[in-house]
Amino acid sequence: MRSYNILIVGVGGQGLLTLGSIIGVACTIRGLDVAVAEVHGMSQRGGSVVVYVRIGEEPSPIMPVGSADHMLALELIEAARYIHYVKKMGHVTVNDFLWPPPLSIYPSRDQLFGEMKTRDIKLHVVNANDMSTKITGSPISANIAILGYALGVDESLRELLGLDVIDKSLEEHFRGHVLELNKSLLRMAFKEGLKRGE
Amino acid sequence: MLLGNEAIARGALEAGICFATAYPGTPSTEIVEVLSEVARECDIYVEWSVNEKVAFESAYGAAIAGVRSITAMKHVGLNVASDILMSSAYAGVSESFVVVTADDPSAHSSQNEQDNRWYGLLAHLPVLEPSNAREAYKFIKEAFKLSSKHKIPVIFRSTTRISHTRMPIELEEDIPIEKKCKGEFTVDYERWVLIPAHTRRRKLELLKIWEALRGEDHYVTIYNQGLEKTIIASGLAYTYVREVLNLLNLTNRVTLVKVNMPVPLPRKPILKTLEYAREILVVEELDPIVEMQLKDLAATCGFKVNIRGKDLVPESYELTVEAVYRAVAKFMNVEDKLPWENVEPIKLNPPIPPRPPILCAGCPHRSTYYAVKVAANRARLRNVVYTGDIGCYSLGYQKPFETQMTCFEMGGSIGVAHGLAKVIENPVVAVIGDSTFYHAGIPPALNTVYNKSNVLILVLDNMTTAMTGHQPHPGTGVTATGEATIRVAPESVLSSLGFKVYIINPLHVKEAIEELTKAFEEFKHGVNVAVVSRMRCALEVLRNARRRGVILPIYTIVEDKCTGCMACVKLTACPAIVVEPGSRKPRIESSLCAGCGLCAAICPYRAIVVANKPSENWEALWWGP
């Protein structure tokens, strides 16, 4: 069975656990074995959060450094913090959103991107907060936008999980109006990603 | 697709439980939370107990009356329940009873990373340990069988990475419709009354069961039996070992022994392993529980085998593929460098800042802490020592609050404050959350009054158990299954203990400071004072606002009025207030602002104002249901 590792990083409260669950359920629909390792409790409160999604046969929960095929980063500083988890020539889809920890001194957006660009990765930058705000009125669905975009740019991910399976997974996570908004956001981000991918 | 904890809950339902209890605690919470959600449908009894000791006692009570039961707690919760745990081993059960302990290696959300398999050795109770979420579902059912067979409680050990990992799980059976929910208590003085004469006899019974448990051979599985190099792995460690052997292409060159019951270690399969092996590596997370028992068996039975374990596998923190890779590679005498390269980490100046968990935007604790510090100053209380407790508010240790100077265990704020107040000159304030107060805060509060120490108790009442995901408690007026019940407010408990109680509302910062100043003045004069600061958790308020279509205020900083004094940034450390690199003035990230208004109350230039048109009734969300 093929293995594929997705690392989800960001700040607690950005919908990382939901995103992990959406991908996990999508794998189940496809009949793929998967382990989605989350962190709950205090670590969620505005802290740095990592969710490991490992597709493969009876995968262990934590992925080693250098093994992520695709990193989905909801925030810039967190993308930089975990970049060494990415495989050489792996994909990094990052939200163009810098949210510094309070009272901290931190590198600028230009510095962060400058460094990331010199790494052996396929870097995809997307303003997921804006996309989410356009469709839902708030950045709350930036996680869905990131996923849609990542599917657009990454052919291997697309082969594993198509838009239709993600749709089905969304149906298990949301209902009514919110579901419809998320579905259209997913599509919009996907199209943008496809354009970039070509 | 089930979370490990959901898998445990499902397995327990299939095993026919009719009684489940817990006090919420990461990483165990979802087990009983899920059960509470299906309690009506499945016709079982589920409760959030006030603490783990009571949770254990209640479930044990059901089990001695013949009703199959489960209790679940985080590792440190079992410390709270350890008194009854020890006794329950002596007395045993009439129907199966499983105690789930969810350990937290790496202490992701805990004050320590203790290995609760020790409790099995201490109490002479068996410990089952699954290797992943899927196995947790199967093993929990095994645990009930084992308990039923030997008529003793069984400890089921999970860890963060099992409890909080989702996996596709194929369900094996339905939840039985017929189950025993009404029991009967048979008076049996020699069994249920552990006076010395009875307990001495029960100890002999217990040792007989312990011996019989060592004969439960099927809790060990051996792969590739008979090779000289042997790896023994328990629980989650097995998953890592298998992955690493695959990576190293060594799967066929070692005998792999999978231990599903680390305590007590089943004798026969382990002796067989010792017979064939020349060298053994034990891989287990945290303490050398299997390793110790193995070395003991080897020495007692005269085997000269080289046993490695904690000299190669770290004893601290959770295991990783890398850590197990290094250990296994060294043991197998092969190159221990990972066979692939990772992307170079990013090093910058300024460096990537750490991001520890922080109080959320709009968190009531932020406003309370600010008000407390201002009021303490006004009342001329100098060098205040703030003892702390377990909850989101533990984060008050951070700047600029520094209102949590100790944090050890549930309820510890008040007990430790009492001792400190007896021996130091500084004023002592004990800070404790509502749920923690009910859990273990009442006896030490009584103790401060009875033994006359001058401690001010500050209860941070957000009317829920916030950190674990908003479970109800005795102050909420609802039970785990949503039934209305009596509401016991912290102030009524504290008044009855003889405290003069002030209730403050930190949403109105200025009034809160005035009230607090009065409270501190009285405290200074030796009065037993308690303060209850009441305001709902911002996460709940934001969720309720979304659901009910209520618009909360969103604040903005008027650039012309802002002088860039940074008071709002420095005094609140609110994550919604951002200072862009190179900018002299802060900005409020409107998507993050919860509208608590603390920054606006602090701004000396009145530069922070409401930017939108909030709903008329928005304030009610911060107190109402």
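Protein chains get the first letters and strands the later ones, always in sequence-line order, with residue 1 at the start of each.
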Looking at B:M167, B:E318, B:E344, which has the largest count of heavy-atom pairs under 4.5 Å with chain A?
B:E344

Closer than 3.5 angstrom, by distance alone: can the side chain of A:W99 be matched with the main-chain N or O of B:A576 as a donor-acceptor pair?
no

If I take atom CD1 from residue A:I23 and atom CZ from residue B:R166, how far apart are they, to the nearest 0.5 angstrom?
12.0 Å

Run the numbers on A:M89 and B:V343 for side-chain contact (heavy atoms from CB on, under 4.5 Å), then give the verdict.
CA-CA 8 Å; A:M89 296 320 289; B:V343 170; over 6 Å; no

Using side-chain heavy atoms (C-beta onward) and a distance below 4.5 Å, is A:D120 in contact with B:E341?
no

Under 3.5 Å, side chain of B:R242 to main-chain N/O of A:P59, donor-acceptor pair present?
no

Any heavy-atom pair between the side chains of B:I577 and A:P102 that's under 4.5 Å?
no

For a 4.5 angstrom cut-off between non-hydrogen side-chain atoms, does A:V36 reach B:H164?
no

Contact part of A:Q14 toward chain B, heavy-atom cut-off under 4.5 Å: side chain, backbone, both or neither?
neither

Return the minimal non-hydrogen interatomic distance between A:A35 and B:T165, and the atom names on each side.
CB-CG2, 3.8 Å

Nearest 0.5 angstrom please: B:E322 CD to A:S67 OG, how far?
7.5 Å

Less than 4.5 Å to any heavy atom of chain B: does that hold for the side chain of A:L98, its backbone, both, or neither?
neither

In B:L236, B:N132, B:T320, the residue satisfying side chain to side chain contact (heavy atoms under 4.5 Å, CB included) with A:P61 is B:L236

Flag, side chain of B:W340 to backbone of A:K87, donor-acceptor distance under 3.5 Å
no

Please flag which part of B:I352 lies under 4.5 Å from any non-hydrogen atom of chain A: side chain, backbone, both or neither.
both

Taking the side chain as everything from C-beta on, heavy atoms only, tell me whether B:V321 gets closer than 4.5 Å to A:I62.
no

With a 4.5 angstrom heavy-atom cut-off, is it the side chain or the backbone of B:A133 that approaches chain A, or both, or neither?
neither

Using non-hydrogen atoms only, which part of A:M116 is less than 4.5 Å away from chain B: side chain, backbone, both, or neither?
both

Tell me if a side-chain donor or acceptor on B:R355 pairs with a main-chain N or O of A:I77 at a distance below 3.5 Å.
no

Does any backbone or side-chain atom of A:S138 lie under 4.5 Å from a heavy atom of chain B? Answer side chain, backbone, both or neither.
neither

Please classify the contact between A:S21 and chain B as side chain, backbone, both or neither, with a heavy-atom cut-off of under 4.5 Å.
both

A:V34/B:M1 under side-chain contact (heavy atoms from CB on, under 4.5 Å): CA gap, chis, key distance, verdict
CA-CA 9 Å; A:V34 65; B:M1 187 83 175; 4.0 Å; yes

Under 4.5 Å from any heavy atom of chain B, what part of A:Y82 do you find: side chain, backbone, both or neither?
neither

Could you check whether any side-chain heavy atom of A:N129 comes within less than 4.5 Å of a side-chain heavy atom of B:S591, counting everything from C-beta outward?
no

Candidate pair B:I346 and A:H84, rule side-chain contact (heavy atoms from CB on, under 4.5 Å), full reasoning:
CA-CA 8 Å; B:I346 288 180; A:H84 56 292; over 6 Å; no

Part of A:P139 within contact of chain B (heavy atom distance under 4.5 Å)
side chain

Evaluate the criterion side-chain contact (heavy atoms from CB on, under 4.5 Å) for residue pair A:V178 and B:R546; output intermediate values, then yes/no.
CA-CA 12 Å; A:V178 178; B:R546 256 196 317 272; over 6 Å; no

I'd like to know if the side chain of A:R81 and the backbone of B:P353 have a donor-acceptor N/O pair within less than 3.5 Å.
yes

